[in-house]
Amino acid sequence: MTVFPAATAAFALGLSENNGITTRVARNEVFTHSGNVVFALAAGALGTLLALQGIFFAAAVFAAGMAPAAMLIRQDAINYEAARGNMGGKENAHAARSSFRDLASDRRVLLFAALVVLFYAGNAATLPLVGEILSQNKHGRSSAWQVSTMVIVAEAVMVLTAMVAGKLADQWGRKPLFLVGFAVLAVRNLLTVASHNTYYLIGLQALDGVAMALFGVLLTLVTADLARGTGRFNFLQGMVQSSMGMGGFLSNMLFGFIAKAFGFNASFIGLSAIAVCGGALYAFRMPETKPAPEGEAAAG
């Protein structure tokens, strides 16, 4: 889960060479979430009808199918310099890379890493906590369909949202869409406090699907924007992936403890507050990163 998103993002940038990157990233997200829907259906059926162990065998079968798909990608179709975030064609094989000191001095890079931490800190613990609520007083098989249904609802909404996000990211810019993602995340966690009814909680996963689809598309796009011309796209991807891991760790550790000590609703309110803080930081401190059209850039 750490290698795959970074590798597909680099492939997308190398195949598109900065032209049409938004469309390609959105398309990748659509296929990713479609695959997740298929797997969730298979996992729910196996876990409910056969045994929970069957889910792991299904995961192995699905993962094995990735190998031939990756081998079918033609090596000569990829511009490796573009995949690193450099400008120019394949002949620009020895283009200078920005130093790590230059990246560290770019305020946007460090700020975006902090924003990724906050986004994941406000989201990662939500599904485990909701799953724990749904599985209370239930055995494994009886709760498998509920968890699978939550995943299916969220992933199905992600497919539709990713289609739209690819177009809006170019029309509106990255910043407005990211703010929508933070807002939806805050509302989703706050609404969880209203009721712990099974079907209500499953329905709320639609909002999680909107937030995560926007985040999935914009994470790659903003990283590509920040890496443009530096040759350090893959390094920045590693940075944001680490930020995601840090946010997930903090979210589950902190709000898992809060849920145990003060109840589930306290955790959901805290998760919502983190999302609000992240949205405010993005709104007031993070600039728009979408590159200006070539004509406007030349005029400027």
Side-chain angles (χ1 to χ4, degrees), residues 2 5-6 9-10 12-14 16-19 21-22 24-26 29 81-88 95-123 165-166 168-183 185-186 211-248 250 274-294 296-300:
T2 301
L13 196 57
S16 65
E17 301 184 18
N18 290 306
N19 298 316
I21 179 64
T22 305
R24 187 171 291 276
V25 168
E29 288 294 310
E81 285 307 307
R84 296 182 180 99
N86 269 333
M87 309 297 290
R97 313 259 195 271
S98 295
S99 68
F100 297 122
R101 179 177 296 180
D102 291 336
L103 293 177
S105 64
D106 187 342
R107 181 178 64 88
R108 302 173 306 161
V109 171
L110 301 179
L111 184 56
F112 186 62
L115 288 164
V116 172
V117 171
L118 288 174
F119 192 96
Y120 255 71
N123 181 71
L168 295 181
D170 279 341
Q171 295 175 6
W172 294 4
R174 312 335 186 191
K175 186 171 181 175
L177 275 184
F178 229 123
L179 292 177
V180 171
F182 272 114
L185 188 61
M212 290 306 298
L214 293 175
F215 179 80
V217 172
L218 292 170
L219 181 72
T220 301
L221 293 180
V222 175
T223 304
D225 294 343
L226 296 175
R228 192 177 180 87
T230 66
R232 296 296 185 183
F233 175 64
N234 296 298
F235 172 79
L236 291 182
Q237 280 204 99
M239 181 195 70
V240 296
Q241 292 288 333
S242 298
S243 300
M244 289 165 56
M246 177 62 71
L250 293 174
I274 292 292
V276 169
C277 291
L281 183 63
Y282 205 116
F284 295 111
R285 303 299 297 175
M286 185 71 182
E288 175 61 62
T289 60
K290 176 190 170 187
E294 290 185 8
E296 294 181 16

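FYI, side chains are in, hydrogens and waters are out, and symmetry mates aren't considered; it's all heavy atoms of this structure. The structure presented is a predicted model; accordingly, all values stated were derived computationally and were not measured.
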Does F100 have any ring-ring contact (aromatic ring centres under 6.0 Å, His included) partners at least two apart in sequence or in another chain, and if so, which?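 ring-ring contact (aromatic ring centres under 6.0 Å, His included) check on F100 returns F235.
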side-chain hydrogen bond (donor to acceptor under 3.5 Å, both in side chains) partners of residues 111-123, not counting sequence neighbours, each pair once: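 Pairs touching residues 111-123 that pass the test: none.
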Quick check for you: to the nearest 0.5 Å, what is the distance between [X] atom [atom1] and [Y] atom [atom2]?
X    : Y    : atom1 : atom2 : result
I21  : T220 : CD1   : OG1   : 7.5 Å
L219 : E29  : CG    : CD    : 8.5 Å
D170 : T22  : CG    : OG1   : 3.5 Å
L185 : L214 : CG    : CG    : 10.5 Å
R84  : Q237 : CZ    : CD    : 13.0 Å
D106 : T230 : CG    : OG1   : 9.0 Å

Please report the closest heavy-atom contact between [X] and [Y], naming both atoms and the distance.
X    : Y    : value
L179 : G279 : CD2-O, 3.4 Å
S98  : R232 : O-NE, 2.8 Å
V116 : V240 : CG1-O, 3.7 Å
A26  : G166 : CB-CA, 3.6 Å
L115 : Y282 : CD1-CD1, 3.3 Å
G181 : A211 : O-CB, 3.8 Å

Hey, does the side chain of K175 reach the backbone of P287 with a donor-acceptor pair shorter than 3.5 angstrom?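 Not a single qualifying donor-acceptor pair exists.
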I need the single residue from R108, K290, R174 that forms a salt bridge (Lys or Arg N to Asp or Glu O under 4.0 Å) with D225. Which is it?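 Of R108, K290, R174, salt bridge (Lys or Arg N to Asp or Glu O under 4.0 Å) with D225 is met by R174 alone.
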Qualifying residue, where the test is side-chain contact (heavy atoms from CB on, under 4.5 Å) with F112 and the options are T289, V117, L236, T223: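 For F112, the side-chain contact (heavy atoms from CB on, under 4.5 Å) check succeeds only for T223.
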Once side-chain hydrogen bond (donor to acceptor under 3.5 Å, both in side chains) is applied, do any residues pair with S99, and if so which ones, sequence neighbours excluded?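 side-chain hydrogen bond (donor to acceptor under 3.5 Å, both in side chains) check on S99 returns D102.
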